[in-house]
Trainee: 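Below is a structure I'd like to ask you about.
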Protein chains: 2
Amino acid sequence: MRALPQSYHTSQFLNKKSKQNVDFCEEFVREDGSATNLTGVMVSNLTLEDIAEQAGVSRSTVSRVVNDLPNVSEDVRRRVLDVIQQTGYHPNAAARTLASQRSWTLGLVLPQSVFQFFTDPYFPHLTKGIAQACNEHNYTLALFLVSSKEDEKKIFTRVTRKGLLDGVLVQSGHHGDQQIIGHLMDADIPQVVLGRPQHFDNVTFVDVDNVSGAYNAAVHLIRLGYRRIATITGPNLSAVGLDRHAGFTKALNDRGVRLDEALVVEGDFTESGGYYAMQRLLPARPEAVFVASDLMAIGAIRAVREAGLSIPSDIAFIGFDDVPLAATNDPPLTTIRQPVVQFGVRAVELLMDLIENGIHPPRHVIMDTQLIIRDSCGAIRKDLISG
Amino acid sequence: MRALPQSYHTSQFLNKKSKQNVDFCEEFVREDGSATNLTGVMVSNLTLEDIAEQAGVSRSTVSRVVNDLPNVSEDVRRRVLDVIQQTGYHPNAAARTLASQRSWTLGLVLPQSVFQFFTDPYFPHLTKGIAQACNEHNYTLALFLVSSKEDEKKIFTRVTRKGLLDGVLVQSGHHGDQQIIGHLMDADIPQVVLGRPQHFDNVTFVDVDNVSGAYNAAVHLIRLGYRRIATITGPNLSAVGLDRHAGFTKALNDRGVRLDEALVVEGDFTESGGYYAMQRLLPARPEAVFVASDLMAIGAIRAVREAGLSIPSDIAFIGFDDVPLAATNDPPLTTIRQPVVQFGVRAVELLMDLIENGIHPPRHVIMDTQLIIRDSCGAIRKDLISG
DNA sequence: TATGATTGTGGGAGCGCTCTCATGGTTCAT
DNA sequence: ATGAACCATGAGAGCGCTCCCACAATCATA
């Protein structure tokens, strides 16, 4: 067995710095410009000026080299670069931000209504896409997860503060959860909303075409011959929930399929939400269910199994999102794929454009979804029968 | 059906700002101090000085009010506060950071080896805990997801830059993925490592007791009477993987249970990794399997089901993490619970202490795990038999 | 050779705060 | 009455950059 470090046990706590300690730790500056400050933290206080002096040039020239600007002769550039290398100089981000009025930092705000289902694979996935896009363009990403009403206040003031963020991505959440958008407009901070916002149309947003996605899902079920088609919707307070519900309803209307009100149940985008919604749905004996998220679909399937029924032979399912779990679920889940990563990338690009080129009439970008046919809808069985 | 906004279709793209546009947008300053700059973005350029003037006091006094410092008379404080309210003044974060040498921002770095399984519910969960702790202490959280080697370089320079972060949380990743820790030490930036780092013992870290957690899991299986006990480990390149493997091995040794090498397979912490690992394990006919993560356990169970066997009667399972899915899995997963949120909170607290009180000998905090008994281990069945 | 454009370099004025120190007024024990 | 201590306030010097402008040196053009 691999040896563990000696200190491999809890609570090796040490002295908080005592008064005496502070008295003892006088400021002490070394020749190389580094210093030990009063708190005892070593700081390499190198500035542009220090580098300039050591390279025998001016501050301005060093700045040009650091920022890779033209009008610096090759040998000077090389000399400065050498000094920077040797000293391990890093330009100070705050000073740069203050002088240039650009922080190269974007904020991502997830409202309280999203906090609870942040563990839905959709969000980490989205975050990945956004983070990747930020890296590509040399932006830093600041994450604001609103976990409570108190958080919200703090976060609002932090986000609207000048000099911290160049722009903000706001996840559209529930109905009552969108003041942040207004706050940002008041503070004139560039923003892009992720998902259609409900109370603002004068703001740029990116969304997937939830209506047509749901529409296609429902049509798919109708084509497969199902007639008693149910849906577990997202929260009626959210735009996503409403749009997917709308698309579903429209498909049934367009195809002349009767929509029984008992076949519509509201979920909350959680696994257990899907489970309980399905339990309420079971007495109505649906043949097929369109569930507004994969995670809820997984919960719903659990409920069906518990009732001793099987999928898709007794009840067919189609989800929404195409999270990684959908493919490996038992049975593999037919679903509507969202271009999650592309979605994040597009949002970041729009935001960057807003930052660089200033205000323009708000843009609304809607991205397409894709029907992914797997086993849970019974398409394969039906194919065998009809083909 | 709910009416959709008129603009509800794809690609309403608008003019990139033309040359003409730029010429037209001359600088224009209003009386209230706000201005429309060349890029057309409205900026409320209010400064401390502006507020001071309007309130008839000095910059210093306004600063005291804003920062809630003592030595300001009540009526002056009120007057300043009024002006701030009316004007919607927000102090500039960059200026404050530059002057005070504190950014009130923490970084969270997830190395490349973690990027791929960032969608494992463990990480969003951890992120939530960290974000919450940051909010509580009025810190902003910057997220650095390393998605490629090129990203890594960019992120390293960004993270080690002074004036952006007061401190950094680094997720311990694979063996070859820990240079960032060294970089941060070189740059003298306070850091706390999440999980035991492999190449540094002079750094503060928080970890869960993976060894004893795995030990307890294995002991549980032994107590239930299983003897052919297999394990799907985490990557041998990671400390978590090694520690959980170590604890497992130790338990078997301590209890005199023979460990067949054919019963040890390396996984990669993904669902499909668990699936393939289990397929390799099946021919060795294990009675029970300890899987180093819940997500892998879910994959492994899928493989067992596909082979026509059932859980726990044919093969018993125990996972690690206790992600939300574990409880709702079919069958519900017996697992080792990590105090994820508490873990994040503790890490943030340690980091804050490091920032405020300066360097001290590194601390190593190890948190306890908890065995959560559900159905997949067969404990219930065994109880019926033996009880 | 005179003239202007172009390039490399340095100087200086901020960016909007914090923080130390000076100042004058008040309170209170001696 | 005297000075020590304590407040409330303001002035000023940075924090470490960027960016504009001045200037000299070089180059192309007439």
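Within every chain, numbering begins at 1; the chains are lettered A, B, ... in the order of the sequence lines, protein sequences first and strands thereafter. This one's a predicted model, so the numbers in the text were calculated from it and none came from an experiment.
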Trainee: Please set out all donor-acceptor pairs under 3.5 angstrom arising from side-chain atoms of residues 128-137 of chain B, sequence neighbours excluded.
Mentor:
unit_1   : atom_1 : unit_2   : atom_2 : d
B/Lys128 : NZ     : A/Phe115 : O      : 3.2
B/Asn135 : ND2    : A/Leu145 : O      : 3.0
B/Asn135 : ND2    : A/Asp151 : OD2    : 2.7

Trainee: Can you list, in residue-number order, the parts of residues 93-102 of chain A that come under 4.0 Å of DNA chain D, counting heavy atoms only?
Mentor: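 Close to the strand are A/Ala95, A/Arg96, A/Ala99, A/Ser100.
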
Trainee: CD of B/Glu53: more than 12 outside heavy atoms within 6.0 angstrom?
Mentor: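 No - once you tally the heavy atoms of other residues, nucleotides and ligands closer than 6.0 Å, there are 12 at most.
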
Trainee: Looking only at non-hydrogen atoms, find the nearest pair between B/Leu194 and B/Gln171 and report the distance.
Mentor: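 Heavy-atom minimum between the residues: O-NE2, 3.5 Å.
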
Trainee: May I ask you to test the A/Leu108-A/Leu110 pair for a side-chain heavy-atom distance under 4.5 Å?
Mentor: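 The answer is yes, as the side chains (C-beta and beyond) meet within the 4.5 Å cut-off.
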
Trainee: For a 4.0 angstrom threshold against heavy atoms of chain B, report the outermost contacting nucleotides of DNA chain D in 5' to 3' order.
Mentor: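 In short, chain B contacts DNA chain D from D/dA8 to D/dG16.
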
Trainee: Does A/Thr204 reach the main-chain N or O of A/Arg363 with its side chain, forming a donor-acceptor pair under 3.5 Å?
Mentor: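 Indeed, once roles are kept as given, a pair shorter than 3.5 Å links the two residues.
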
Trainee: Salt bridge (charged side-chain N to carboxylate O under 4.0 Å, His left out), that's the test. Do B/Lys154 and B/Glu150 meet it? Break it down for me.
Mentor: CA-CA 7 Å; B/Lys154 290 185 183 178; B/Glu150 291 140 38; over 6 Å; no

Trainee: Take the protein atom CZ of B/Arg59 and the nucleotide atom C1' of C/dC21, then report the distance between them rounded to whole Å.
Mentor: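 Those two atoms, CZ and C1', are 14 Å apart.
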
Trainee: I need the B/Gln179 CD to B/Phe200 CZ distance, nearest 0.5 Å.
Mentor: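 Reported to 0.5 Å precision, the distance equals 8.5 Å.
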
Trainee: To the closest 0.5 Å, what do you measure between CD1 (A/Ile84) and CD (A/Gln54)?
Mentor: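 Result: 10.5 Å between the selected atoms.
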
Trainee: Do any N or O atoms from the side chain of B/Gln191 and from the backbone of B/Ile181 form a donor-acceptor pair under 3.5 angstrom?
Mentor: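 Judged by distance alone, yes, a pair lies under 3.5 Å.
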
Trainee: Would you call B/Tyr89 and B/Asp50 a side-chain contact if the rule is heavy atoms closer than 4.5 Å?
Mentor: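 A side-chain contact under 4.5 Å is absent here.
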
Trainee: Does any N or O in the side chain of B/Asp177 come within less than 3.5 Å of the main-chain N or O of B/Gln112, such that one atom is a donor and the other an acceptor?
Mentor: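 Confirmed, B/Asp177 side chain pairs with B/Gln112 backbone.
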
Trainee: Between the axis at one end of the helix from C/dG4-D/dC27 to C/dT30-D/dA1 and the axis at the other (five pairs apiece), what's the angle to 10 degrees?
Mentor: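 Axis-to-axis angle, ends of the helix: 40°.
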
Trainee: Applying salt bridge (Lys or Arg N to Asp or Glu O under 4.0 Å) as the test, list every pair that has at least one member in residues 88-104 of chain B; sequence neighbours left out.
Mentor: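 Output for this query lists B/Arg102-B/Asp166, B/Arg102-B/Glu356.
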
Trainee: So which protein nitrogen or oxygen atoms get under 3.5 Å of nucleotides 6-9 of chain C's nitrogens or oxygens?
Mentor:
unit_1 : atom_1 : unit_2  : atom_2 : d
C/dG8  : OP2    : A/Asn71 : N      : 3.4
C/dG8  : OP2    : A/Asn71 : OD1    : 3.0
C/dT9  : OP1    : A/Ser73 : OG     : 3.1
C/dT9  : OP2    : A/Ser73 : N      : 2.8
C/dT9  : OP2    : A/Ser73 : OG     : 3.3

